[in-house]
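Structure first, commentary second.
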Amino acid sequence: MGLTFIAIKPDGVHRGLVGEIIARFEKRGLKLCALKVVVPEKAIAEKHYEEHAGKPFYPGLVDYLCSGPIVAMVWSGKDVVAVTRKMIGATKPAQSEPGTIRGDLALDMGRNVIHGSDSDDSAQREIKLWFKEEEVCSKYVKADRMWV
Ligand code: RTP
Ligand code: MG
C-alpha cells in the first residue's frame, strides 16, 4: 500500500475544517498513519515547496504555510496519491469540481485549504521532511480491511 503526505493549511485549520476533511478520507477507506499540529518553520516550508522556488508566488506561498498551525498527516491506501489528489480537486478553486475538497470548501487559489503530494516520489520526500520514521504507523490493519 502506498503512502501520501497531506496537510490541512492554516486557512483550513482557522476555518474549523479539520474534522470534515479527515472524515472524508476516513470514509473513503484510507488509513490514517500519522498526524500532528505544527506551525511550520520557514526552512521546512521552503523545502516543502522547493519545486516552486524562483516563481513569483513562492515567497507568499511559503509565508502563507508558516502563518499558523497546519495539520500534517500521512495517509495510506490503494492508489492513495491519485485518490487523494482527485478528492482534493484542482489547484484553482474555480476549476475544482463540486464534491472535491477545494470545490466544496475553497474560493481562492492562495487559500486553497489543503496540500496533497502529487507523486509517489514527492510523497516519500515530504513524509521524510515532516515526520520521523517512528511517528508513521503504517503497519496496522484497519477493521474495515479485515474482510477484503
Ligand atoms: P499543493 O502543492 O499545495 O497541494 O497545491 P497543488 O499541487 O494543487 O499546486 P502546485 O502547483 O503545487 O502549487 C502549490 C500552491 O501554490 C499556489 N500557487 N499559486 N499564483 C500562482 O500562479 C500559483 N500557482 C500555484 C497555490 O496555493 C498552490 O496550492
Ligand atoms: Mg503541489
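Note that the structure is a prediction, hence the values are computed from the model and not measured. Both ligands and their constituent atoms are indexed starting at 1 by order of listing.
Counting heavy atoms from C-beta on, the side chains of Lys9 and Val113 never come closer than 4.5 Å.
A salt bridge does not link Lys47 with Glu41: none of the charged nitrogens is closer than 4.0 Å to a carboxylate oxygen.
When the shell of 6.0 Å around CD of Glu134 is examined, it contains more than 12 heavy atoms from other residues, nucleotides or ligands.
Aromatic ring orientation, Trp130 versus Phe5: parallel (interplanar angle below 30°, classes split at 30° and 60°). In this structure, Tyr49 and His115 have perpendicular ring planes: the angle between them is above 60°, well past the 30° mark.
Near ligand 1, residues Lys9, Tyr49, His52, Phe57, Leu61, Arg85, Thr91, Arg102, Met109, Asn112, His115, Gly116 come within 4.0 angstrom through at least one heavy atom.
Looking at Arg102, its side chain does come within 3.5 Å of a backbone N or O of Asn112 through a donor-acceptor pair.
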